[in-house]
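First the structure, in the form of structure tokens, and then the observations on it.
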Amino acid sequence: MQANIHDCMTGIDASALEGRPFFFCGIGGSGMLPLAQIALGMGHAVGGSDRSYDQGRTPEKFEWLASHGFTLFPQDGSGISSPDQILIASAAVEDTVPEVARAKELGCERLSRAELLSTFFNQAGYSIAVGGTSGKSTVTGMIAWILSEAHFDPTVMNGAVMKNFVSAGNPFASARVGNPRIFVSEVDESDGSIALYRPSVAVLLNVSLDHKSIEELRRLFGDYVHAAGCAVINFDNEEARFLGPRADEVVSFAIKDPSADITVEPDSIEQSAFGIRAAVIDNRSREMFPLTLPMPGLHNLSNALAAIAAVSAAGIEAKSAAYALGSFKGLARRFDLVGTTASGITVIDDFGHNPEKCAATLRTLKATEGRVIAFFQPHGYGPLRQMGDELTETFARELGPDDITIMCDPVYFGGTVDRSEGTERIINLIRQHGASAEHVPEREACGDRIIELARPGDRIAIMGARDDTLSTFATSIFERLG
């Protein structure tokens, strides 16, 4: 039987990195910023640079960083000044980037984001990892909120801003710096770094195509659940369930499978445009209790069951966990309501960027009446090549004949990536499936087209990743409509 969270409150040695200063290349990114917050909270000096900082993008974020103990530099190598510094940079950051070149010149140690995060994570007395190709950030936020409400003061690494932890002092709460002995983090399979983590509890939400082949994903996720004290596995996902025998201990959850440890009474599910309710069943104790979740969609009901199962594996009462989720505010850019105009046009800001995430958002929208205008900004040329066919099927399958898909060109911030295959091919394929779709290369022109098309009762979904300005884009559309 794996350890209980109540037994893991003793001290640990958190000095493996000896308080050395860190320099984050791309410090404003959704993966780097929360890790930089945690490193600073653990007593390290933290500096960084970012291309967006140099370009004047999202200035409020960098103003906040500069005023809260982070030292910012232009991305010209000037921030690397001592061999004692550890450079934190993605493996995708090329050697020609000035910080990388300067670090090599000085002999600085270099770590990837995942290498640093896994070091903090594996030092914890009790750790909960959340893996899968979709839903990780939401479930991480839910677990964080449950543990916080139960007074465990967790340290949390997330890829999205957790609204429950936002404050005037920290509007960028994608991390929570608490007790380093209890660590909750989403973990990433896209670069293989999931193999670095040794969690007390490993949550596996789903296994589906994203950045890697399904064969690679089976191996990575199988090793992941095998390394954990206990695996929390979604029995509604065939691929995830298939990996259950790789784990030493399993707590299962499911909406459709009544034999799962944590499930729901099917007839109890009530959906609305902005929430969902159900009666949760804990088959281990034969208890039934209510769950009222202030966010819509069956995928979020599944996320809630995952969080309940995870904390129950850690020794927290499932009923108490369900009650805590009643006050869960969700995450920024996860079906985030921007607003509804007087004429009834609703604008939603959403992180959907792979087939499964996009499908969950579109299904949630289609569960209630109204036409959908789905704007999608691909988050890179490489991912678009990898999952273009599946994205085509998703938009063609989930949207109806009156709905419209609009896509601009992929995000491109520079570098040597192959840009020969872009959005136009995907749009043509969607049209071949008989669905309505338009390719408008420039994003601002997409905004003009959306305004032109919008009519009362429409739901406009702004979807995409790797670009903080998408939220500004969503807000601008709502303001123009209003």
Side-chain angles (χ1 to χ4, degrees), residues 21-42 44-76 78-79 87-90 92-93 97-99 113 116-117 137-138 140-141 144 155-177 185-186 188 329-334 336-338 349-351 353 377 379-380 411-414 443-444 462-479:
F22 294 126
F23 188 94
F24 286 78
C25 186
I27 194 170
S30 61
M32 289 294 193
L33 191 152
L35 184 57
Q37 289 178 291
I38 290 171
L40 188 71
M42 289 186 173
H44 296 270
V46 176
S49 65
D50 198 288
R51 186 179 297 165
S52 292
Y53 175 61
D54 293 350
Q55 295 171 349
R57 295 160 59 93
T58 59
E60 67 284 349
K61 176 193 295 185
F62 296 104
E63 289 169 6
W64 181 86
L65 284 168
S67 64
H68 283 79
F70 302 88
T71 307
L72 301 181
F73 296 87
Q75 203 165 71
D76 59 5
S78 60
L87 175 66
I88 312 301
S90 163
V93 174
V97 172
E99 279 79 6
R113 184 190 71 87
L116 178 59
L117 173 59
S137 297
T138 297
T140 300
T155 290
V156 185
M157 168 73 186
N158 208 335
V161 172
M162 300 172 284
K163 293 182 181 178
N164 286 89
F165 301 114
V166 168
S167 65
N170 185 11
F172 304 103
S174 49
R176 181 184 190 277
V177 181
S185 180
E186 63 171 284
D188 192 8
K329 296 179 181 179
L331 306 182
R333 301 214 65 238
R334 270 48 173 193
D336 201 353
L337 177 64
V338 178
D349 185 19
D350 189 77
F351 189 67
H353 65 281
Q377 177 177 279
H379 63 291
V411 170
Y412 177 67
F413 293 132
R443 191 175 75 184
E444 293 311 309
I462 305 300
M463 294 186 289
R466 284 190 63 204
D467 185 352
D468 290 342
T469 65
L470 278 166
S471 292
T472 305
F473 179 62
T475 301
S476 71
I477 287 175
F478 175 70
E479 290 173 348

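Position 1 is the first residue of the sequence; numbering continues from there. Only a predicted model underlies this, so the values are computations on that prediction, with no experimental measurement involved. Side chains included, hydrogens not; waters and symmetry mates left out as well; all remaining heavy atoms used.
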Can you tell me how far [atom2] of [Y] sits from [atom1] of [X], rounded to the nearest 0.5 angstrom?
| X | Y | atom1 | atom2 | answer |
| --- | --- | --- | --- | --- |
| Arg466 | His353 | CZ | NE2 | 10.0 Å |
| Lys61 | Asp468 | NZ | CG | 3.0 Å |
| Leu33 | Arg113 | CG | CZ | 12.0 Å |
| Thr475 | Asp349 | OG1 | CG | 7.0 Å |
| Met32 | Ile27 | CE | CD1 | 9.0 Å |
| Arg51 | Gln75 | CZ | CD | 6.0 Å |

Test: Lys163 and Asp336 ion pair at under 4.0 Å: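 Yes, this pair counts.
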Do Arg443 and Asp467 sit within salt-bridge range, that is, some charged N less than 4.0 Å from a carboxylate O?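 Looking at Arg443 and Asp467, the cut-off is met.
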Going by atom types only, do Arg334 and Ser137 share a side-chain donor-acceptor pair under 3.5 Å?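 Yes - a donor-acceptor pair under 3.5 Å links their side chains.
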Side-chain donor-acceptor pair under 3.5 Å between Ser174 and Asn158, yes or no?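 Result is no, nothing qualifies.
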Close side-chain approach of [X] and [Y], heavy atoms under 4.5 Å:
| X | Y | value |
| --- | --- | --- |
| Ser49 | Glu99 | yes |
| Val46 | Pro21 | no |
| Met463 | Gln377 | no |
| Leu65 | Phe172 | no |
| Ile462 | Leu470 | yes |
| Phe62 | Ser52 | yes |
| Phe24 | Phe70 | no |
| Ser185 | Val156 | no |

Can you name the closest pair of heavy atoms from [X] and [Y] and give their distance?
| X | Y | answer |
| --- | --- | --- |
| Gly41 | Val177 | CA-CG1, 3.8 Å |
| Asp50 | Gly26 | OD2-C, 3.1 Å |
| Val161 | Pro171 | CG1-O, 3.9 Å |
| Met157 | Leu35 | SD-N, 3.6 Å |
| Cys25 | Val97 | SG-CG1, 4.1 Å |

Does NZ or CZ of Arg333 come closer than 6.0 Å to the centre of the six-membered ring of Phe351, within 45° of the ring's axis?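 Judged by the rule, Arg333 and Phe351 form no cation-pi pair.
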Do the ring planes of Phe73 and Phe23 sit parallel (below 30°), tilted (30 to 60°) or perpendicular (above 60°)?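 Ring orientation of Phe73 relative to Phe23: tilted.
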One pair to check against side-chain contact (heavy atoms from CB on, under 4.5 Å): Arg176 and Asn170. What are the steps and the verdict? CA-CA 10 Å; Arg176 181 184 190 277; Asn170 185 11; over 6 Å; no
Between the side chain of Trp64 and the main-chain N/O of Gly169, is any donor-acceptor distance below 3.5 Å?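 It does hold such a pair.
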